[in-house]
Participant: 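Here's a structure for you.
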Amino acid sequence: MTRKIVRGFDGARFQAERLATEGTYRAEAGLSEVSIADLGRLSGVGATTIYGWESGRRDPHAHLLRSVAEVLKIPMDRLIVVEPDSRTLVYLRWLTGMTQPQVAKKLGSSSQTFSRIERGESPLTDDRAAVLAKLYEVTVDEIAAAWRRARDRPPGAPA
């Protein structure tokens, strides 16, 4: 299963021709003069990877994007934008920069079990909802609503 962010990432903000202009994330972080190589070095993410995001040729992995967001001093929800009524557990996990195996471990479950929960294919227990709410820094109600959105999505739609 892919760990790439496939919905909500705003690649246009990473386009190279806009890096030095006012209003871009690098400019906001005081890094408008920093090269892609420097941003890669500061974040621990390969410059080629960052360039791929900026050029729109690659979708980021949440944990790598999180490293860049920390250097840029911006919240993940400015880089991954999904309307509130469309947010699923996958989206909430992306905002933390965590992978499925990392979350599964914190839940005390296998990655496969958590993947099924995240897709709405297995029930979400109250105990697991509480753990996820703490991990994702949202309410239990938000976790339950995100799970229901995944469960109730149309056939073929991503969770």
Side-chain angles (χ1 to χ4, degrees), residues 1-14 25-26 28-29 36 39-159:
M1 176 163 293
T2 183
R3 291 186 174 119
K4 290 184 181 180
I5 296 170
V6 294
R7 293 183 314 280
F9 175 70
D10 185 1
R13 291 196 187 259
F14 269 92
Y25 296 132
R26 284 191 197 177
E28 289 173 16
I36 292 174
L39 184 57
R41 179 180 50 79
L42 293 169
S43 66
V45 176
T48 304
T49 298
I50 295 170
Y51 180 74
W53 302 343
E54 291 178 347
S55 66
R57 291 185 304 186
R58 290 188 180 172
D59 293 321
H61 290 255
H63 67 286
L64 298 178
L65 186 62
R66 178 71 175 207
S67 296
V68 173
E70 287 172 357
V71 170
L72 296 174
K73 299 179 177 85
I74 57 171
M76 288 285 280
D77 63 358
R78 285 185 54 192
L79 298 175
I80 310 168
V81 180
V82 173
E83 292 298 318
D85 61 349
S86 299
R87 295 175 182 173
T88 63
L89 291 176
V90 172
Y91 171 81
L92 296 175
R93 177 174 50 81
W94 286 343
L95 290 181
T96 69
M98 297 177 76
T99 63
Q100 274 186 347
Q102 290 169 325
V103 174
K105 184 176 180 179
K106 295 198 183 277
L107 284 177
S109 71
S110 70
S111 292
Q112 287 180 328
T113 297
F114 177 61
S115 177
R116 287 190 299 272
I117 292 168
E118 205 171 51
R119 292 190 313 263
E121 297 169 359
S122 290
L124 175 67
T125 65
D126 291 343
D127 290 342
R128 287 185 170 157
V131 171
L132 290 173
K134 187 174 181 179
L135 279 175
Y136 297 167
E137 299 179 356
V138 298
T139 67
V140 171
D141 289 342
E142 288 174 281
I143 293 294
W147 178 81
R148 282 191 303 274
R149 284 184 199 102
R151 181 196 63 196
D152 297 342
R153 72 189 187 283

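Every heavy atom of this structure was used, including side-chain atoms; hydrogens, water molecules and symmetry mates were not.
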Participant: What pair of heavy atoms forms the shortest contact from Ala150 to Gly120, and how long is it?
Facilitator: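 Shortest heavy-atom contact: CB-N, 3.9 Å.
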Participant: Taking atom types as modelled and ignoring hydrogens, do the side chains of Glu142 and Thr139 form a donor-acceptor contact shorter than 3.5 angstrom?
Facilitator: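 Judged by distance alone, the side chains do pair up.
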Participant: Please report the closest heavy-atom contact between Val140 and Ala129, naming both atoms and the distance.
Facilitator: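 In this case the closest contact between Val140 and Ala129 is CG1-CB, 4.1 Å.
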Participant: Could you walk me through whether Tyr51 and Arg58 satisfy the side-chain contact (heavy atoms from CB on, under 4.5 Å) test, starting with their C-alpha distance in whole Å, then the side-chain angles of each, then the deciding distance to 0.1 Å, before giving a yes or no?
Facilitator: CA-CA 9 Å; Tyr51 180 74; Arg58 290 188 180 172; over 6 Å; no
Participant: Which value, rounded to the nearest 0.5 Å, describes the distance between Leu132 atom CG and Ile117 atom CD1?
Facilitator: 7.5 Å
Participant: Tell me the closest heavy-atom pair linking Ser67 and Ser43, and the distance in Å.
Facilitator: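 Answer, listing the atom of Ser67 first, then Ser43: CB-O, 3.4 Å.
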Participant: Any chance you could measure Glu54, atom CD, to Thr49, atom OG1, to the nearest 0.5 Å?
Facilitator: 11.0 Å
Participant: For residues Asp77 and Tyr91, determine if any side-chain heavy atom of one lies less than 4.5 Å from a side-chain heavy atom of the other.
Facilitator: yes
Participant: Answer yes or no: is there a side-chain heavy-atom contact under 4.5 Å between Leu72 and Leu39?
Facilitator: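 Heavy-atom side-chain distance check passes, below 4.5 Å.
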Participant: Which heavy atom of Ser122 sits nearest to which heavy atom of Trp147, and what is that distance?
Facilitator: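 The answer is O-NE1, 3.0 Å.
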Participant: Considering all heavy atoms of both residues, which atom of Pro101 and which atom of Ser111 are nearest to each other, and what is their separation?
Facilitator: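 Of all heavy-atom pairs spanning Pro101 and Ser111, the closest is CA-OG, 3.3 Å.
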Participant: For the CG atom on Asp126, are there more than 12 heavy atoms of other groups (residues, nucleotides or ligands in this structure) within a distance under 6.0 Å?
Facilitator: no
Participant: CZ of Arg119 to CG of Leu89: how many Å apart, nearest 0.5 Å?
Facilitator: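 So the CZ of Arg119 and the CG of Leu89 are separated by 12.0 Å.
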Participant: Can you find a pair of side-chain heavy atoms, one from Ser109 and one from Arg128, that are under 4.5 Å apart?
Facilitator: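 Yes. Closest side-chain heavy atoms under 4.5 Å.
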Participant: Can you tell me how far OG1 of Thr96 sits from CD of Gln102, rounded to the nearest 0.5 angstrom?
Facilitator: 7.5 Å
Participant: Which distance, rounded to the nearest 0.5 Å, do you find between the NE2 of His63 and the CH2 of Trp94?
Facilitator: 14.0 Å
Participant: Please report the interatomic distance CZ(Arg66) to CE(Met76), rounded to the nearest 0.5 Å.
Facilitator: 6.0 Å
Participant: The criterion is side chain to side chain donor-acceptor pair (under 3.5 Å); which residues satisfy it with Gln112, sequence neighbours excluded?
Facilitator: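 Scan of Gln112 (side chain to side chain donor-acceptor pair (under 3.5 Å), adjacent residues dropped) gives none.
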Participant: Any idea which heavy atoms bring Arg153 and Glu121 closest together, and the distance?
Facilitator: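 For Arg153 versus Glu121, the nearest heavy atoms are NH2-OE2, 4.3 Å.
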Participant: When Leu65 is tested against each of Ile80, Val45, Ile50 for side-chain contact (heavy atoms from CB on, under 4.5 Å), which residue passes?
Facilitator: Ile80
Participant: With a 4.5 Å heavy-atom cut-off, do Val131 and Lys134 have their side chains touching?
Facilitator: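 They are not in contact (no side-chain heavy atoms under 4.5 Å apart), so the answer is no.
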Participant: Is a donor on one side and an acceptor on the other found under 3.5 Å between the side chain of Arg87 and the backbone of Leu92?
Facilitator: no
